[in-house]
Each structure stands twice: as structure tokens, then as C-alpha cells.
Amino acid sequence: MSDLILTTPGRVRPRRLRRNQVIRDLVAETHVAPSQFIVPHFVLPAEDAVIPIPSMPGIAELGLGNLIKQVGSDLELGIRSVLLFGRPDDAAHKTPNGKAAWAADGAVQKATNRLKSEFGDDLIVMTDVCLCAYTDHGHCGIVQDGYVVNDASLAPLVQTALSHAEAGADAVAPSDMMDGRIAAIRDGLDAAGHENVILLAYAAKYASGYYGPFRDAADSAPSQGDRQSYQMDSRNALEALREAELDEQEGADMLMVKPALAYLDVIQAVRSTSTLPLSAYNVSGEYAAVKAAAANGWLDEARVVRENLMAIRRAGADQIITYHARDAIKGGWL
Ligand code: PBG
Ligand code: ZN
């Protein structure tokens, strides 16, 4: 190779494959397709509610009726998977154990039921399994003496996953980061006859400043302390492989790395050590940062979103959980 270049300069020209759009498309290594998108939704209990999220322009919390409409029009764009987040009904209160998380008539449970009866197998309904939007302290597990205890947090998480499965969820995605919750949830689902419900593990979820806008929207910020005793430390990548391996052994069907853009190395590492489908969560703060810069005219949104989505796929993610999906498809940015 080096010989060739030295003796015959000009023979090797990588630019030949960049000459025009058709050639570039022909040799492109990476593609993003609508079928690879999973779109998050914040579900409100009230039927007609629409509450825009100020730090996430273009995204709103939606009541059930509006959610059905939004998902219906997204389906026409080719978006076939959703990830549901909820909050307690107005009548329900946040409690120490977050019991509103597994109310059979909670917003997520009702939305799951409605979406599946409306769209059936055309739509994959995934649900986020966590307690933080439902606990009065805002942590993802049970708090004892100021510490988020692990094992006592498993039962309520299993209950929550079960309530989503009962409502018809195709997949449940635990985001709490307690140890052993994948095994506990798998066993709980199987014992209740939900052996076909898919388990998408937030395998490597980092304690991140990029969750800020989401926490405002979901009203799920911890009232005291932070999540560093259960979410991962951003300095660690090998640990992500241990987390992924454990979740796989415990019965996860799919793995997730979160956030995405500051963790592309982690996506690549997990991709090269596991054969399970791998999702990456392009989180709220990553979305907000692009939107804010674009609104100021500092970045070209179409180009930057395309670049970010390609980077996530290039790193090795099979699915992308992203708030950009609708704009990207409509705008022809892919
Ligand atoms: C809570 C949860 C968070 C996100 C998804 N589930 C926030 C957190 O851990 O504090 C973040 C999603 C986003 O920022 O888009 N378990
Ligand atoms: Zn949580």
C-alpha cells in the first residue's frame, strides 16, 4: 500500500467514490431507517391534555386521545415503535414506594391498552419501567436511611413491569439500574404467563447531566441526593461490558446504552461483545442542545441531526430511541 502511493502518486484516489451523490449513496456504509426508530412519549392521564415541554421544542406531554392521534400519524411516517413514560394520575399521590407506578388504571397502563387495541401488531409498545416519577423522593428505587436499597426495590419494579404486561405491552424496559432486576422481572413475567413479553434492558445507563429536560418533563428529579449510587459513572467503559453481560445472563432480549452521543465508544464496545440487538438512547439533553443551537441559527439542524443519528448507528446501535425521529423523516434528513 505505502509502496503503491510512493511510486505512483495519483493512482489511489479515495475521492473517486465521493464524486456525486449516487456514488456516495452506492458506497455508504451506514443507513438510518424509520423502522429503527423508537419514539418516546410522555403520557398524561387526562384525555385531551397537551403540555409542551419548554426545554424540548416540538415535544409535548400528551393525554391519551392526543397520544393515539400522534402515534397514528407517526405510523404513517413509518415509525412503528414507541416507548411510554408516565406520571401518576391526578388523584394518585407520589408515595415512598411509588405504588402508582403499577396502578392498573395508570396513564401508561391505559395508554398501552388503547394503543394496542387501536393499532395491534402494526405497533410495538414498549414501556419504561421505573419508580422515579411515582416516588415522593424522586429516586428510582426504595430509599432507606438516605440510601436507595437494591433488593427491596425489586418487588415494586416487578409489579410495575407486570402491570404493563397485563395492559398488553410488547416490551418492558427497566431504567432503574438496580442489580438483579432483569432476572427478577423475567421470572415475574414468566410466572404470570408473559413469557413472550420482550425485556429491553437499560444495560449501561450513565448518571448524566443530559437527562435534565426529561426530569423537568417527567417531574422525576430526586428531591435529595443524586443517582450516582445506582447509575453508572461516566469514567467507566469496561464496567458497561460487565453490566451488559449480566443483563444478558439474566435474560435480557435487547440491550441499551444511554445516553448515546457522549458514549459512542460504549455503544461500539457493547456491540462488539454481545450479539443481542442493541439500542441507544439519544436523550432529552442531547435533543435540547441541538434544538437550542438551531433556534439561534448556530447550527443547521438537518445536517447535525443526520450526523448525530448516523454516528449512533455507525458506532453499532441497531435501534435509536430519539425525539428527532418525526422531524428527521418529515424533513428528509436521513
Ligand atoms: C428515569 C429515566 C430517565 C430517563 C429515562 N428514564 C432520567 C433519569 O434517569 O433521571 C432519561 C430520558 C431522557 O433524558 O431523554 N428512570
Ligand atoms: Zn427512574
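Both counts, for ligands and for their atoms, begin at 1 and track the order of listing.
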Subset of ligand 1 atoms that lie under 4.0 Å from at least one heavy atom of Cys130: 16 (N)
Geometric class of the Tyr263/Tyr206 ring pair [parallel <30°, tilted 30-60°, perpendicular >60°]: parallel
Electrostatic pair Lys291-Glu301, nearest N-O below 4.0 angstrom: yes
Phe85 neighbourhood, listing ligand 1 atoms whose heavy-atom distance to it stays under 4.0 Å: 5 (C), 6 (N)
Ligand 1 contact on Cys132 by region, counting heavy-atom pairs under 4.0 Å: side chain
Geometry at the Zn ion (ligand 2) - Cys130 SG versus Cys132 SG angle, rounded to 10 degrees: 120°
Chi angles and distances behind the salt bridge (Lys or Arg N to Asp or Glu O under 4.0 Å) call for Arg181, Asp151: CA-CA 9 Å; Arg181 90 275 203 220; Asp151 300 8; over 6 Å; no
Heavy-atom gap Lys258 to ligand 1 smaller than 4.0 Å: yes
Residue Asp122 excluded, over 12 heavy atoms near CG under 6.0 Å: yes
Per-atom contacts of ligand 1 with Tyr281, taking only distances under 4.0 Å to non-hydrogen atoms: 12 (C), 15 (O)
Option set Met56, Lys205, Arg215, Arg227, criterion heavy-atom distance to atom 2 (C) of ligand 1, minimum: Lys205
Contact partition for Tyr287 relative to ligand 1, non-hydrogen atoms under 4.0 Å: neither
Heavy-atom closest pair, residues Arg186 and Glu250: CB-O, 4.1 Å
Heavy-atom proximity to atom 3 (C) of ligand 1, best of Tyr323, Tyr230, Tyr211, Phe214: Phe214
Atom indices of ligand 1, in the order listed, that fall short of 4.0 Å to a heavy atom of Val283: 13 (C), 14 (O), 15 (O)
Phe37-Ile321 co-clustered via ILVMFWY side chain contacts under 4.5 Å: no
Presence of N, O or S from His139 under 2.8 Å of the Zn ion (ligand 2): no
Shortest protein contact, atom 14 (O) of ligand 1 (heavy atom only): Ser284 OG, 2.7 Å
Test item: Arg227 side-chain N/O and Ala207 main-chain N/O as donor-acceptor pair under 3.5 Å: no
Test item, Gln231 contacting ligand 1 (heavy atom, 4.0 angstrom): yes
Main-chain N/O of Ile38 paired with Ser81 side-chain donor or acceptor, under 3.5 Å: no
Lys110 and Glu47 ion-paired at < 4.0 Å: no
